[in-house]
Amino acid sequence: MEYTFREIENRWQKRWELYKIFKADNHSKKPKYYVLDMFPYPSGAGLHVGHPLGYIASDIYTRYKRSENYNVLHPIGFDAFGLPSEQYAIQTGQHPSLTTKVNIQRYKKQLKRLGLSFDWSREVCTSDPDYYRWTQWIFLQLYNSWYDISLKRARPINELISIFEKEGNLVIRSPEENRNKFTAKEWNSFPLSRKEEILQKYRLAFRSETTVNWCPHLGTVLANDEVIEGKSERGGYPVYQKKTIQWSIRITSYADRLLQGLENIDWPESIKEAQKQWIGKSFGLNLFFFVIDNPGTYIEIFTPRPETIFGVSFIVLAPEHELWEKITIKKQINEVKTYVEESKKRNDRERLTHATSGVFTGAYVAHPFTNERIPVYISDYVLNSYGTGAIMAVPAHNTRDHMFAKKYGLKIIEVISGGKDVYKKAYDIKKGECIHSDFLNGLSAEEALKKSIEKIEEKGLGYRTVNYRFRNAVFSRQRYWGEPIPIYYKKGVPFGIPEKKLPLLLPIVDKYMTTQEGKPPLGRATHWAWYEKKQKIVSNKLIDEKTIFPLETSTMPGWAGSSWYFLRYMNTDNDNSPIDTTSSSYWKNVDLYVGGKEHSTGHLIYSRFLHKFLKDFGWVSTEEPFKKLLNQGMVLEHSAMITRIEGTQRFISSGLIRNQEKTQQFYVDIHLLKNGDELDIDKFKKYHPEFSKAEFSIESGKFFCKRKIEKMSKSKFNVRNPDDIYEKYGADTLRIHEMFLGPLNQTKLWNTRGIKGAHQFLKKFWRLFHSRESFYVEESSPSIKELKILHCTIKKIREDIPNFSFNTSISALMIATNKLSEIQCKSRKILEPLVILLAPFAPHISEELWHRLNHKDFICFVPMPKCEKQYITDNIIEYPITFNGKLRFKMNFPIGTPQKFIKKEVLRHPETKKYLQGKKIKNTIIIQNKIINIVV
RNA sequence: GCCCAAAUGGCGUAAUGGGUAGACGCGCUGGACUCAAAAUCCAGUGGUCAUUGUGACCGUGCGGGUUCGAAUCCCGCUUUGGGCACCA
């Protein structure tokens, strides 16, 4: 009887949906388990074969957990705000919500077709007002909070205000600068605007001046990863640095907790390492250098290597460092001024190329121990935002200092032995013995580090500090398709929209582009003013700065909505708050999170941050959002590129490209190729009407593309669609095939060659339950041999699933199927447990067979069979007999045979004599129940 | 430059508290069934040499080492992929 997968899969998908069997219950006596996939961005291209990799894996685990009697929450939703829809809107004028809706419909259809056991009743979509209402709410909570470093948690801003009213900021500790101290009396006398200015330095969502990537041609601000070599990724238009006031989130307040939290979560080491690096905590010392001839003036520097203090030969300030005005000598003032001014104009990338540029201030500082005169320079290579914006340069042991010293002819003093020739190359390894270092001489670098810190602190020349590379996150985007920031301004002072009035809906605009004056798209809205008394949105024309005020025109970044969605799934129907504590205290946090490595620093850090913030206010009970993290590997595919002579309509076949002409390369969709690397020119022209008149330089009658193996991605035009596969072979086959491709976390090149094997396996499995034309199983007792096959498989599967080793579980199922087919096993007592084992991997065929075995329940909830040892232990051990580690023959002995007897028997064996060939036996090693090695 | 991961047949891969390398699948070769095809089944399949059967030697990126025994452990490289990068 034929395996009619289309009909079978259709039937069970319908039944699962009809009976809502994957709906998770918020009130259950069963233990909870929360399995989550990183939710997809619904792009116009639909799912490609790389996406399901993680979804199938998490689904297998979900189904396994259900069968183990867990109450499993396995939801899905869509991260729908974002660039591509907006870009499409700019081009076509169609509202992005329409595009998004269509795309989501397509994704849902594709996901459902895979038989993934999601609880669809909890679906969320970040661009849905019912959802982004709470994203905006969270923003307001951040805005109305500050971080108390003594208590190590966020607190309401009102509490800070009352502290200020009672004691000013004289006592309070906050991570942001506290330099301008004020008393309670002073605070109370400040005008509102001054108060707010101060509060901005404490709020967790705050406004500050930052640099953005501005692309005038696209009329948008771009994220760093959308800028490649100073040009926009899309279209290659120039990008400029522009300074503007932006909303930021004070994520750095949580740096230590984000670092500490990594200790207790089960994540891949590489991701934890990436986050540690990203946070970049470094311990060191802030050290004072007093300026000569300028009493009371000192430069405070940061260094993690105080043991090199005797190697200092100059000091460098960042161009933004304020001190230069005070210390620069008259003769140098013009030169310094020019340098500082020009440096301000340079963006980060240009600064990089100016790494060795600099200017002498004419000032000198005194070395804290030797009193030697040390010159002070200003250079682009020192960043104002890290440490103190000033460094002590030790050219012998720091490469950049070395380059600078060489250029300006400054001294190079070797203080750590071990380098070859520090005049030629800096020795920046922290190993060696201190030399030319007074009281540190003879100590190892490690010992000297301790000693130098002690001595410096003792003498009051500096103090221990901690620095982070981690930066606060810029939060505003000058775009349309995102959550509006719920803020209005009274004479420039920001105020939050009342929580009850959320969501602040995206306004209607005529175009989705930035205005000509460079205002964000929301600046086009005609009704975008806040009538404070009546608490409603009114026409901009009514703005009077008394009762009606302008609204913020920036929107939120993609990560705003995607950093807390895992909490919303716990109670999607709650209209009173984003999370209700009853359900969040039941579901707690995500037990297993599956997704791509590319989110290792962005999404995963923002989510951890927001989760911690919400914990500070009691909305969640756990410190970390994701207990265990699993990365599915990328799927690669050959992409194709064609080359065009710049500025022309002439394309050149890959073999004909010469270096003389300036050329440009474009991706072409791999579906426009034929016979491997050849471009189907007719198809290409049809697909790209703009090139219908283009010329093609061909070689031997054909036009060849350049090929490259890259991550499968819409932007690289190398995506393969799963639709064709499940159309031809079914979802179960696709599931088996994708899991059989190799270990889950490994990068793999997509191939469809193996798919036939997966399909053949399922057909063979199906035949186990059939005899000629009909379903057939026997009720007789199974043989020992059959039981052994079954229980070995149970053992393997039960070991493999918790290890996410699905490729080997499938191979175990294949082995069992082959063996049972061979001995023509038809026993229900064998086949029934076998279907249960297959069910998490290929759920449709398993449900069908389960049903045909006369069961009325769903196989999804049937417990996995248990392995019974008696069936798998052998009485006889087949010992491999090796000579010097090389296998020669095998011998059988009953289990537990004494070694002496084994040795005697092995040495007596005629084969042994043959392999000895008169040589003497040096040693005989017998490993009980395993192996025998004879050393000759 | 720094950090992380990986390297095994024609291909995807399996075997790591050191113990029979190549399970399972694809592909390929030959055969059975068929008028034929598809489907299915059976046999073979790391390399070299030799062979009637049997067999011998070499083989897990490269070079060393530890061990009775190494794909697995240690030291030194090479290559590929990923992340970070004026962070003092």
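Chain A is the first sequence line, chain B the second, and so forth, proteins listed ahead of strands; every chain is numbered from 1.
- Between B/rC26 and A/Gln760, a contact under 4.0 Å exists linking OP1 or OP2 to a side-chain N or O.
- Here the two rings, on A/His909 and A/Phe889, have centers that are under 6.0 Å apart.
- A centroid separation of less than 6.0 Å is found between the aromatic rings of A/His770 and A/Phe775.
- One finds no side-chain N or O of A/Gln277 lying less than 4.0 angstrom from the OP1 or OP2 phosphate oxygen of B/rA85.
- Considering only the side chain of A/Asn398, B/rA88 comes nearest among B/rC84, B/rG19, B/rA88.
- Closest to the side chain of A/Asn933, out of B/rA88, B/rG27, B/rC68, is B/rC68.
- Distance from the side chain of A/Pro743 is smallest for B/rA14 among the nucleotides B/rA88, B/rA14, B/rA85.
- Here, B/rA5 and B/rA70 have their P atoms 25 Å apart, quoted to the whole Å.
- Proximity note for A/Val935 (side chain, C-beta onward) versus B/rC3, B/rC68, B/rG19: the nearest is B/rC68.
- Between A/Tyr427 and A/His397, the two ring planes are perpendicular [angle over 60°; tilted spans 30° to 60°].
- A/Tyr298 meets the ring pair (Phe, Tyr, Trp, His ring centres under 6.0 Å) test with A/Phe288, A/Phe290; sequence neighbours excluded.
- Using a 4.0 Å heavy-atom criterion, one finds that A/Phe302 contacts the bases of the nucleic acid, with or without backbone contacts as well.
- Residue A/Lys796 places none of its side-chain N or O atoms closer than 4.0 Å to OP1 or OP2 of B/rA23.
- The same atom, P, is picked in B/rG76 and in B/rA23; the two are 35 Å apart, to the nearest Å.
- Rounded to the nearest Å, the gap between the P atom of B/rU79 and that of B/rG31 is 48 Å.
- Nearest-nucleotide mapping onto RNA chain B: of A/Lys763 and A/Leu741, the residue sitting toward the 5' end is A/Leu741.
- Closest approach to the A/Arg753 side chain among B/rA88, B/rG19, B/rC26 is made by B/rC26 (side chain taken as heavy atoms from C-beta onward).
- With B/rA88, B/rG82, B/rU20 as the candidates, the nucleotide lying closest to the side chain of A/Pro304 is B/rA88.
- Every residue two or more places apart in sequence or in another chain that forms a ring pair (Phe, Tyr, Trp, His ring centres under 6.0 Å) with A/Phe769 is listed here: A/Phe765.
- In this model, the phosphate group of B/rA88 is approached by a side-chain N or O of A/Tyr386 to a distance below 4.0 Å at OP1 or OP2.
- Listed nucleotides B/rU40, B/rC84, B/rG25 differ in distance to A/Asn818; the shortest reach to its side chain belongs to B/rG25.
- For A/Phe740, the side-chain atoms get nearest to B/rG12 when compared with the rest of B/rU20, B/rA88, B/rG12.
- Atom P of B/rA56 sits at a distance of 41 Å from the matching atom of B/rA39, rounded to the whole Å.
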field: Strand RNA chain B as a dot-bracket string - pairs counted if Watson-Crick or G-U with both distances under 3.5 Å, | where the partner lies in another strand
entry: (((((((..(((......[....)))((((((.......))))))((((.....))))..(((((..]....))))))))))))....
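- Side-chain atoms of A/Lys890 and base atoms of B/rU20 include a donor and an acceptor less than 3.5 Å apart.
- Taking the six-membered ring for Trp and the full ring otherwise, A/Phe404 and A/Tyr377 have centroids separated by under 6.0 Å.
- The distance from atom CZ of A/Phe889 to atom C1' of B/rU54 is 16 Å, rounded to the nearest whole Å.
- Of the residues in residues 805-815 of chain A, those lying under 4.0 Å from RNA chain B by heavy-atom distance are A/Asn807, A/Thr808, A/Ser811, A/Met814, A/Ile815.
- Put simply, A/Lys276 has no side-chain N or O that comes within less than 4.0 Å of OP1 or OP2 on B/rG83.
- Each salt bridge (charged side-chain N to carboxylate O under 4.0 Å, His left out) pair with one or both residues in residues 792-818 of chain A, not counting sequence neighbours, appears once here: A/Glu68-A/Arg798, A/Lys795-A/Glu799, A/Lys796-A/Asp800.
- Remark: A/His638 engages no residue in a ring pair (Phe, Tyr, Trp, His ring centres under 6.0 Å) (not counting sequence neighbours).
- In summary, A/Glu2 and A/Lys763 do not engage in a salt bridge, as defined by a charged side-chain N under 4.0 Å from a carboxylate O.
- In this structure, the nucleotide among B/rG25, B/rA88, B/rC41 sitting nearest to the side chain of A/Arg767 is B/rC41.
- The side chain of A/Lys886 sits closest to B/rC58 out of B/rC58, B/rG27, B/rA88.
- Residues A/Phe740 and A/Phe761 keep their aromatic ring centres 6.0 Å or farther apart.
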